[in-house]
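Reviewing the structure listed below.
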Number of protein chains: 4
Amino acid sequence: MLETVEQQLIDDGILADPASPRGRLLGQAARLFREKGYQSTTVRDLASAVGILSGSIFHHYKNKDAILKAVMLEGIHFSMGRMRTQLAAAETTVDKLRALIACELDSMNGNRGDAMAVVINEWRFLSDVGQADILTLREEYEQMWIDVLEQAKNERLISASPQVLRKLLYGSITWTDKWFRAGDPLSYEQLTDDILHLAIKA
Amino acid sequence: MLETVEQQLIDDGILADPASPRGRLLGQAARLFREKGYQSTTVRDLASAVGILSGSIFHHYKNKDAILKAVMLEGIHFSMGRMRTQLAAAETTVDKLRALIACELDSMNGNRGDAMAVVINEWRFLSDVGQADILTLREEYEQMWIDVLEQAKNERLISASPQVLRKLLYGSITWTDKWFRAGDPLSYEQLTDDILHLAIKA
Amino acid sequence: MLETVEQQLIDDGILADPASPRGRLLGQAARLFREKGYQSTTVRDLASAVGILSGSIFHHYKNKDAILKAVMLEGIHFSMGRMRTQLAAAETTVDKLRALIACELDSMNGNRGDAMAVVINEWRFLSDVGQADILTLREEYEQMWIDVLEQAKNERLISASPQVLRKLLYGSITWTDKWFRAGDPLSYEQLTDDILHLAIKA
Amino acid sequence: MLETVEQQLIDDGILADPASPRGRLLGQAARLFREKGYQSTTVRDLASAVGILSGSIFHHYKNKDAILKAVMLEGIHFSMGRMRTQLAAAETTVDKLRALIACELDSMNGNRGDAMAVVINEWRFLSDVGQADILTLREEYEQMWIDVLEQAKNERLISASPQVLRKLLYGSITWTDKWFRAGDPLSYEQLTDDILHLAIKA
DNA sequence: GATGAATGAGTTTTCATTCAT
DNA sequence: AATGAATGAAAACTCATTCAT
């Protein structure tokens, strides 16, 4: 099911095929940028991770900044694609909120999680132009959260303001990237529930 | 009162006097590391911020890594010192928890907040040796949180495990550094309360 | 009439047919080498100017140096061909001199002028081997000038030594490439006359 | 006497002292840019010519373009300084014209000639900003020529328009850089006279 | 303690050229 | 003939660090 969403996005040309040279480069770049940080990852690191020489990188991307941007776009597109699907399948507001949390958790920690972690942690290193190009997409993404949280506020499920609560949850969820390893000793589902209960009083 | 804590730590030789050359360097370093990141801040940037030439930096610190470490030590010492004072003054467990949140929020966003933000955000850039040297201190700091949260758990104020809840709150609080500007439109006290209500059901 | 000379040279296989792939490449190369300089023109620039990909360039020429050499040969052959025709048609020594000046001016500024400008301005970037191959031809070209100037000297039309005068005129004429745009406000004929009067006293 | 002018300019801080590190760099840069061209001269070439390592170059100049600009400024300032002195000493218009020619010839071929040759031959490789910064100075320089040529025109010493004649003489003189070696077999004075007689009919 | 020129290893990037398809 | 991914050497430039003064 998750695979379906990913495959769909690849077929639509929104995500690069992970088997293609470009896709392999993006995958390795996401991993390295996450592990070592954008600035500490050299173009040589990227090249050797995909088994080519450093000069060849520039056959695929104009410069290092363009690689960072591409990684981030992959991350956001993948996360949004999956979120949309899961939101559509959720019935109650609580279910929707749980879906958002689960998706975002998986975006940071799942097996395609590197790219989204890069979006969060390396954002400041993306050039101004690159940031501007991606900003609309990020805002769209945030709006999906705000919409659900406003609904929850109307239903008196939450007490804090949606804007503030979103920021607090965002911090909690993105920080999991630094400490959470699934099933050890905490399962995904438990963590999702714990975060859900930060938000709602029940 | 807060000034008292800071002054005390300076007098004890734990923090550098902000008026001394060393203290001015650390203050500027904290600010620059936070604003631009450790790696993007050059030794020249540091030197020119305190009005000396780049070569002279190395009369004060052995190398750039030593500066980062010193900044972090300042951040942690200051935060812990204040936290201890405030904890001692709090009576109930809820008061203690509120004190921890308020202190940590101020550690990230207050006027001595640069150093603590550097501890969080630039941690990975500190050398292994440096990290090892500081780790005990960070653990001591964390233990203060865990102690209070375990007490809260015993009193059934919180439901999640103290270890997990600490991590989630940590994420929420440290992330404020990226979006919160005091009084605009949210006050410090409101934000403290909002975070407190993530943790406790009341 | 000029077209006749050019057509003749194409028919004789001395110049490439501008409609052929090779001819189009040489034309674009001449233009780009003149505009941006040999070193600043990349093989990709050349390829994209003729609508192919960079790798395909090397099916036509062994390397970039060979393209430069071919452009220069085109330039010299064309100039010499025309000069011979015009010299044959001139009766007096003054007419011959005027013909040389007019031809060389047009070689730099006319609609086939790019190649000759490249001969002059990019000469140093041609490989030693390439220079050696072309040198005889350039000497032959120069000899046409020297012959006429010696005749002029014998007829006391000029006072300076033919060798020196040739160099001085050469500088004046080739430099026009940097400032002269025909008819604005100076016509070709006026400029030709002005240069002629540098040489002869009349 | 010439030395006097040069020394004066050095004392005034307009030219760099050839004995200083900066001055030595500029001298070698002028030589290399002239010999091999700006683009073919690497920063390593420059560094090794003055006996330092390539990275140290950037201690003196921000980038390669800044070196080119500095070389050009040296060339123009030196030429103008000397021209002004010589013009002031000349009495008749013919003397002035001869002085201009002699100065410009020496600017290209004398022992400080590298820098001026670079101004002429590498102009296109100076960045747009750099060109803009120098342009006023070049115009000032040209005006000195135009003024004398207009006077000559009024006195009916020359027949062509001052603007055109200047361009033609400019080409002749700057081209000497490619072929003239003083005293072999032509002396400076003879060459100056030959060029003077291109301009005036006498 | 401060200076600032120099170091030298490292970075991103460029680009002519090759070659399997 | 054309493609276009890959090569690999070389380019300009960066920057923490050293050290003689």
Side-chain angles (χ1 to χ4, degrees), chain A residues 20-22 24-25 38-47 50-68, chain B residues 20-22 25 38-48 50-68 125 127, chain C residues 20-22 25 38-48 50-68 125 127, chain D residues 20-22 24-25 38-47 50-68:
Chain A
S20 72
R22 211 164 235 259
R24 281 175 54 229
L25 173 54
Y38 173 73
Q39 296 197 98
S40 298
T41 303
T42 69
V43 170
R44 279 192 156 78
D45 291 336
L46 293 176
V50 295
I52 56 177
L53 289 185
S54 72
S56 309
I57 290 281
F58 299 94
H59 212 287
H60 299 286
Y61 289 97
K62 185 165 127 278
N63 52 32
K64 202 182 162 190
D65 182 68
I67 300 176
L68 180 57
Chain B
S20 72
R22 202 168 247 256
L25 174 53
Y38 173 72
Q39 296 196 96
S40 299
T41 303
T42 70
V43 170
R44 277 192 153 76
D45 291 336
L46 295 175
S48 94
V50 296
I52 58 178
L53 286 181
S54 70
S56 310
I57 288 282
F58 300 94
H59 286 286
H60 299 283
Y61 289 96
K62 184 166 129 276
N63 52 33
K64 201 184 165 190
D65 181 68
I67 301 176
L68 180 57
F125 301 118
S127 63
Chain C
S20 72
R22 202 167 245 257
L25 174 55
Y38 172 73
Q39 297 197 97
S40 298
T41 303
T42 70
V43 170
R44 276 191 154 75
D45 290 337
L46 293 176
S48 92
V50 295
I52 58 178
L53 288 180
S54 70
S56 310
I57 288 280
F58 299 95
H59 286 286
H60 298 284
Y61 288 95
K62 182 166 131 278
N63 53 32
K64 202 183 163 191
D65 182 67
I67 301 176
L68 179 57
F125 301 118
S127 63
Chain D
S20 72
R22 213 163 234 260
R24 281 177 52 232
L25 173 54
Y38 173 73
Q39 297 197 95
S40 299
T41 303
T42 71
V43 169
R44 278 192 154 77
D45 291 336
L46 293 176
V50 296
I52 57 179
L53 288 184
S54 70
S56 309
I57 289 281
F58 300 96
H59 213 286
H60 299 285
Y61 289 96
K62 185 166 127 279
N63 51 34
K64 203 182 161 191
D65 182 67
I67 301 176
L68 179 57

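Numbers restart at 1 for each chain; the letters A, B, ... are given by sequence-line order, proteins then strands.
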Query raised in the report: Between D:Lys64 and B:Asp65, who's closer to the 5' end of DNA chain F by nearest nucleotide?
Result: D:Lys64
Query - First of A:Arg44 and B:Gln39 reached from the 5' end of DNA chain F, by closest nucleotide - result: A:Arg44
Report task. Answer yes or no: is there a side-chain heavy-atom contact under 4.5 Å between D:Leu25 and D:Ile52? Result -> no
Query raised in the report: Cation-pi between C:Lys64 and C:Tyr38: NZ/CZ under 6.0 Å from ring centre and within 45° of the ring axis?
Result: yes
Going by side-chain hydrogen bond (donor to acceptor under 3.5 Å, both in side chains), name the residues that satisfy it together with [X], two or more places apart in sequence or in a different chain.
X       : answer
A:Ser40 : B:Gln39
B:Ser20 : none
A:Ser54 : none
B:Asp45 : B:Lys36, B:Thr42

Report task. Identify, residue by residue, the members of residues 54-63 of chain C with a heavy atom below 4.0 Å from DNA chain F, and return them in order of residue number, or none. Result -> C:Gly55, C:Ser56, C:His59, C:His60
Report summary line: By side-chain contact (heavy atoms from CB on, under 4.5 Å), B:Phe58 pairs with (sequence neighbours left out) B:Val43
Check the distance between [N]'s [atom2] and [X]'s [atom1] and give it to me in whole angstrom.
X       : N      : atom1 : atom2 : result
B:Asp45 : F:dC15 : CG    : C1'   : 11 Å
D:Leu68 : F:dC13 : CG    : P     : 12 Å
C:Ile52 : F:dA1  : CD1   : C1'   : 9 Å

Quick check for you: to the nearest 0.5 Å, what is the distance between [X] atom [atom1] and [Y] atom [atom2]?
X        : Y       : atom1 : atom2 : value
C:Arg22  : C:His60 : CZ    : NE2   : 8.0 Å
A:Ile67  : A:Lys62 : CD1   : NZ    : 11.0 Å
B:Asn63  : B:Ile57 : CG    : CD1   : 11.5 Å
C:Phe125 : C:Thr41 : CZ    : OG1   : 11.0 Å

Requested in this report: With heavy atoms under 4.0 Å as the rule, sort C:Thr41 into base, sugar-phosphate or nothing.
Outcome: sugar-phosphate
Query raised in the report: Dot-bracket for DNA chain E, 5' to 3', counting Watson-Crick or G-U wobble pairs under 3.5 Å, with [ ] for crossing pairs and | for inter-strand pairs?
Result: .||||||||||||||||||||
Requested in this report: Would you grab the first and last nucleotide of DNA chain E (5' to 3') that comes under 4.0 Å of any non-hydrogen atom in chain A?
Outcome: E:dT11 to E:dC15
Query raised in the report: On a whole-Å scale, what distance lies between the C1' atoms belonging to E:dG1 and F:dT21?
Result: 13 Å
